[in-house]
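One structure below.
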Amino acid sequence: WIEHDYQQRVWKHEEIARMRFKELRPFYQETANAFVAGVKQYMNEHPEKIPEHSLELESYYLLTLARSSAVWWVLEQAWRDFLGEWCWDAKEDWGKTYFANQAKKMGGSNAWAVMPQRTANNHVITLLDPHVGWSNDELPWEGHLHGGSLHVYGFQWVGLPYMTIGHNEHISWTVTALGADTADVYELTLNPDNSLQYLYDGEWRGLNPERITISVKTEKGIEQLGRNVFYSHYGPVVQKNNNKAYAFKIAYDNELVGHLEPYGQLNKAKNLTEFLHVLSLKAFTPMNWMYGDVEGN
């Protein structure tokens, strides 16, 4: 899990989520607080189920997880652009091997809807097949949320309070993989006299170094693993090779923390207009969305 943890820190998921949490509307801050309080209550009632490495939970962790899940897909796209089709087994660089192995697992997904005129009971039927894994960050959990104006059934990522795909009394929705390009790889020319500078618009700009430290459990106990990461104005540098460096840029990097509110609205949406409003918020990664409702749309 070292490479996984390193990626979380390189992209500053926790740091950005902590800063952006206060931007949530009060209702959704209260929702996050209540959700985390429920998890903590369960942990207190079942201490035997809590691993020794468990953290003290914070409400903004929900945004951390949402951002991590959102950025993941776009980063895999960037790594495929960088590595090329025939470079999956490169071993010399932490990112190459890690993301190449993840990309090998990537497949498609599918969904379809049947109009009322084509069904025996004259209702819309939707079928969802998202092709996600059964472990790690993308573990889906089947459930039914019921309370107040919220009545929704479907699947959610463990650690997030709302359903990612599913249906309520009015609408159903799901997503499938889409190839929209929202990540770029930039090749930077480094200063031969100073490897912490790169050429941009005819001038040398500085790379900003940061030190990332990860606590790692080994046979000798807890040891600290330190690595340097360098940031350009595009984003983090993923590899330096002689006088070249390669930086990743995500077009909407700072926007990928807003899953809580849009999913809350989506879970309560009553019609196509409300559904399209949620999508207009541009809070999700690029996906195909499929929709059906009780009105036959």
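Since the structure is predicted, the reported quantities are computational estimates derived from the model, not experimental observations. All heavy atoms count here, side chains included; hydrogens, waters and symmetry mates do not. We number each residue from 1, following the sequence as shown.
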Electrostatic pair [X]-[Y], nearest N-O below 4.0 angstrom:
{"X": "Glu52", "Y": "Lys217", "answer": "yes"}
{"X": "Glu14", "Y": "Arg67", "answer": "no"}
{"X": "Lys12", "Y": "Glu210", "answer": "yes"}
{"X": "Glu23", "Y": "Arg20", "answer": "yes"}

> Does the side chain of Thr164 come under 3.5 Å of the side chain of Gln156 through a donor N or O and an acceptor N or O?
Replying inline: no
> For Glu3 and Gln7, does a side-chain donor sit closer than 3.5 Å to a side-chain acceptor?
Replying inline: no
Do [X] and [Y] come close enough that some side-chain heavy atom pair is under 4.5 Å?
{"X": "Tyr291", "Y": "Asn297", "value": "yes"}
{"X": "Phe230", "Y": "Pro236", "value": "no"}
{"X": "Val229", "Y": "Tyr231", "value": "yes"}
{"X": "Ser232", "Y": "Arg205", "value": "no"}
{"X": "His144", "Y": "Val152", "value": "no"}
{"X": "Asn168", "Y": "Asn267", "value": "no"}
{"X": "Met43", "Y": "Leu57", "value": "yes"}
{"X": "Phe27", "Y": "Thr31", "value": "yes"}

Separation of [Y] [atom2] from [X] [atom1] (nearest 0.5 Å):
{"X": "Trp289", "Y": "Ile165", "atom1": "CH2", "atom2": "CD1", "answer": "10.0 Å"}
{"X": "Tyr60", "Y": "Gln29", "atom1": "OH", "atom2": "CD", "answer": "14.0 Å"}
{"X": "Gln265", "Y": "Leu260", "atom1": "CD", "atom2": "CG", "answer": "10.5 Å"}
{"X": "Ile125", "Y": "Met115", "atom1": "CD1", "atom2": "CE", "answer": "12.5 Å"}
{"X": "Thr189", "Y": "Asn242", "atom1": "OG1", "atom2": "CG", "answer": "12.0 Å"}
{"X": "Asp293", "Y": "His123", "atom1": "CG", "atom2": "NE2", "answer": "12.5 Å"}

Should the pair [X] and [Y] be assigned to parallel (<30°), tilted (30 to 60°) or perpendicular (>60°) ring geometry?
{"X": "Tyr28", "Y": "Tyr162", "result": "perpendicular"}
{"X": "His233", "Y": "Tyr198", "result": "parallel"}
{"X": "Tyr153", "Y": "His167", "result": "tilted"}
{"X": "Phe82", "Y": "Trp79", "result": "perpendicular"}

Taking all non-hydrogen atoms of both residues, which atom of [X] and which atom of [Y] are closest, and how far apart?
{"X": "Val278", "Y": "Phe284", "answer": "CG1-CE1, 3.9 Å"}
{"X": "Leu190", "Y": "Lys240", "answer": "CD1-CE, 3.9 Å"}
{"X": "Glu58", "Y": "Val36", "answer": "O-CG2, 4.0 Å"}
{"X": "Pro47", "Y": "Glu45", "answer": "CD-C, 3.4 Å"}
{"X": "Ser195", "Y": "Leu207", "answer": "O-CD1, 3.9 Å"}

> Got a sec, which residues hit ring-ring contact (aromatic ring centres under 6.0 Å, His included) with His46, two or more places apart in sequence or on another chain?
Replying inline: Tyr42
> What residues form a salt bridge (Lys or Arg N to Asp or Glu O under 4.0 Å) with Lys244, not counting sequence neighbours?
Replying inline: Glu187
> With sequence neighbours excluded, what pairs up with Glu142 under the salt bridge (Lys or Arg N to Asp or Glu O under 4.0 Å) test?
Replying inline: none
> Do Phe248 and Tyr186 have their ring centres less than 6.0 Å from each other?
Replying inline: no
